[in-house]
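Contents: one structure, followed by commentary.
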Amino acid sequence: MKNYQFKTPESVNFTKETIKAVKELLFFPKWQFWVIVVIFVVLGVISGGVIPVFLLAGCVIYVNSKIRKHFWKDFADINGWEYIENGNFELESGVMFTQGDNRSISNVVSGLIDDRQFRIFNYNFTVGSGKSKITYDYIVFAFKFDGSFPHVYLNSKEGYFYELENGISVGETIPLPSEFEKKFTLMAPRKYEIEALEIFTPDVLVKLLDNGFSHDVEFVNSEVLIFTSGLINNAEKLEKEFKMALEIEDLLDEKLDKFKFEKIGDMPHTL
């Protein structure tokens, strides 16, 4: 599957397109433009300049979100896949979807690649408030497998991610050979260490290192989710990250389609 040929939209500079669109919104007919100017001035005097800044910032955010929506919708359309503007994080089982506040899933692309169900979507949440507020953005690539496996989380120490700083845990940390411990943290529920190591064998970890893989991977409910930190802002990055995700799928597909594990007691798949 890693050689699967997909199409990407024409390269878009999100920053330039946003600025252009905002300018077009502001270029009203002359009389409307001056009315807007007067309103902004009055609001600025009343609020000490705060309201106009918030209005302009809101305008920029709105326009940028629309440009991103069209980008992802075009990506789905040219490949014959489905697109929905918003998803529901409450339907997700991964531990990352329980973190922070203001959680949101958007621009969901889904379909089949060589009969494999997949999804790509934007996910973000916030932590803190006021000046200490931080927003974490991810692009998530998800693939559905035929087998069943326990809840496993592989953290890459190369990327900048939320979970290491805030103590996200999926059971217990599993010791890895010294050459891998500097790069990865592997977690699984207690008593499922063997299953986790059967998936992430040394040869798999070596291939991840050789490919420069720096994303987190979560296994839950027969689905593998690959978390790419940050936003995708152009077609080139989308193509690069999607191909990387397909390589991971290709590396694990035969193993995970056949994988079966025995559930121990009443322990659920997820914690």
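If you read the sequence from its start, that first residue is 1, and numbering goes on from there.
Residues F259 and E198 have side chains in contact (heavy-atom distance under 4.5 Å, counting atoms from C-beta outward). Taking 4.5 Å as the limit, some side-chain heavy atom of N233 sits within range of a side-chain heavy atom of R68.
Atom CD of E181 is surrounded by more than 12 heavy atoms from other residues, nucleotides or ligands within 6.0 Å. Within 6.0 Å of NZ in K73 there are 12 or fewer heavy atoms belonging to other residues, nucleotides or ligands.
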TODO: Before giving the answer on salt bridge (Lys or Arg N to Asp or Glu O under 4.0 Å), spell out for D250 and R116 the whole-Å C-alpha distance, their side-chain angles and the decisive distance to 0.1 Å.
DONE: CA-CA 11 Å; D250 192 62; R116 171 86 61 208; over 6 Å; no
Task: Worked verdict on I226 versus F213 for side chain to side chain contact (heavy atoms under 4.5 Å, CB included) - done: CA-CA 11 Å; I226 301 168; F213 188 74; 3.9 Å; yes
Open item on the list: The test is side chain to side chain contact (heavy atoms under 4.5 Å, CB included); show your working for V224 and V217 and say whether it passes.
Closed with: CA-CA 7 Å; V224 172; V217 185; 3.6 Å; yes
TODO: Could you check S156 against K183 for side chain to side chain contact (heavy atoms under 4.5 Å, CB included), going step by step and ending with a plain yes or no?
DONE: CA-CA 6 Å; S156 171; K183 300 293 184 179; over 6 Å; no
- [ ] Assess whether ring pair (Phe, Tyr, Trp, His ring centres under 6.0 Å) is satisfied between W72 and F121, documenting all intermediate values.
- [x] CA-CA 9 Å; W72 287 104; F121 54 90; over 10 Å; no
- [ ] Please step through ring pair (Phe, Tyr, Trp, His ring centres under 6.0 Å) for the pair Y123 and F97, ending with a clear verdict.
- [x] CA-CA 9 Å; Y123 171 60; F97 302 103; 4.7 Å; yes
- [ ] Output, in order, the C-alpha distance, side-chain angles, deciding distance and verdict of side chain to side chain contact (heavy atoms under 4.5 Å, CB included) for I113 and L246.
- [x] CA-CA 10 Å; I113 295 181; L246 290 172; 4.1 Å; yes
TODO: For the pair F242 and F141, evaluate ring pair (Phe, Tyr, Trp, His ring centres under 6.0 Å) and give the outcome as yes or no after the intermediate values.
DONE: CA-CA 8 Å; F242 198 8; F141 298 87; 5.7 Å; yes
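Within the model, atoms OG1 of T201 and NZ of K255 stand 3.5 Å from one another, a figure rounded to the nearest 0.5 Å. One finds the NZ atom of K240 at 14.5 Å from the OG1 atom of T8 (value rounded to the nearest 0.5 Å). One distance of note links CG of L176 with NZ of K182; it measures 13.5 Å at 0.5 Å rounding. Here the straight-line distance linking atom CG of L112 with atom CD of E82 works out to 9.0 Å at 0.5 Å rounding. Atom CG of L154 sits about 7.0 Å away from atom CG of L208, to the nearest 0.5 Å. Once rounded to the nearest 0.5 Å, the distance linking NZ of K69 with CD of E85 reads 4.0 Å.
Under the 3.5 Å distance criterion, the side-chain polar atoms of N234 are matched with a main-chain donor or acceptor of E236. A distance-only check finds no donor-acceptor pair linking the side chain of K207 to the backbone of I248 [under 3.5 Å]. Between the side chain of Q99 and the backbone N or O of V95 there is at least one donor-acceptor pair closer than 3.5 Å. Of the possible polar contacts, none joining the D137 side chain to the N124 backbone as a donor-acceptor pair under 3.5 Å is found.
When only modelled atom types and interatomic distance are considered, N102 and T126 share a side-chain donor-acceptor pair under 3.5 Å.
F75 and L231 are assigned to two separate hydrophobic clusters, defined by single-linkage of ILVMFWY side chains at heavy-atom distances under 4.5 Å. When the side chains of ILVMFWY residues are joined at heavy-atom separations under 4.5 Å, either directly or via intervening members, I134 and F125 end up in a single hydrophobic cluster. Connection of I78 to V108 is not established within any shared hydrophobic cluster, with ILVMFWY side chains joined at heavy-atom distances below 4.5 Å, either directly or through further cluster members. Clustering ILVMFWY residues whenever any of their side-chain heavy atoms sit less than 4.5 angstrom apart, transitively, puts M187 in a cluster other than the one holding I194.
Each of Y153, F143, Y192, F200 was compared with F219 under the ring pair (Phe, Tyr, Trp, His ring centres under 6.0 Å) criterion, and only F200 meets it. Of the options I120, N107, D74, a side chain to side chain contact (heavy atoms under 4.5 Å, CB included) to Y83 is made by N107 and by none of the others.
A salt bridge links K258 with E254: at least one charged nitrogen is closer than 4.0 Å to a carboxylate oxygen. Between E239 and K243 a salt bridge is recorded (basic side-chain N to carboxylate O distance below 4.0 Å). A salt bridge links R119 to E92: one of the charged nitrogens lies within less than 4.0 Å of a carboxylate oxygen.
Ring centroid separation for the pair Y136 and F227 does not come in under the 6.0 Å cut-off.
Here the closest non-hydrogen pair linking G147 and S222 is O-OG, 2.7 Å. The shortest heavy-atom contact between K260 and D146 is NZ-O, 3.6 Å. When all heavy atoms are compared, the tightest approach of M96 to E218 is N-OE1, 3.9 Å. Residue A188 comes nearest to V152 through the heavy atom pair CB-CG2, 4.3 Å, listed as atom of the first residue, atom of the second, then distance. Pairing each heavy atom of P189 with each of H151, the nearest pair is CD-O, 2.9 Å.
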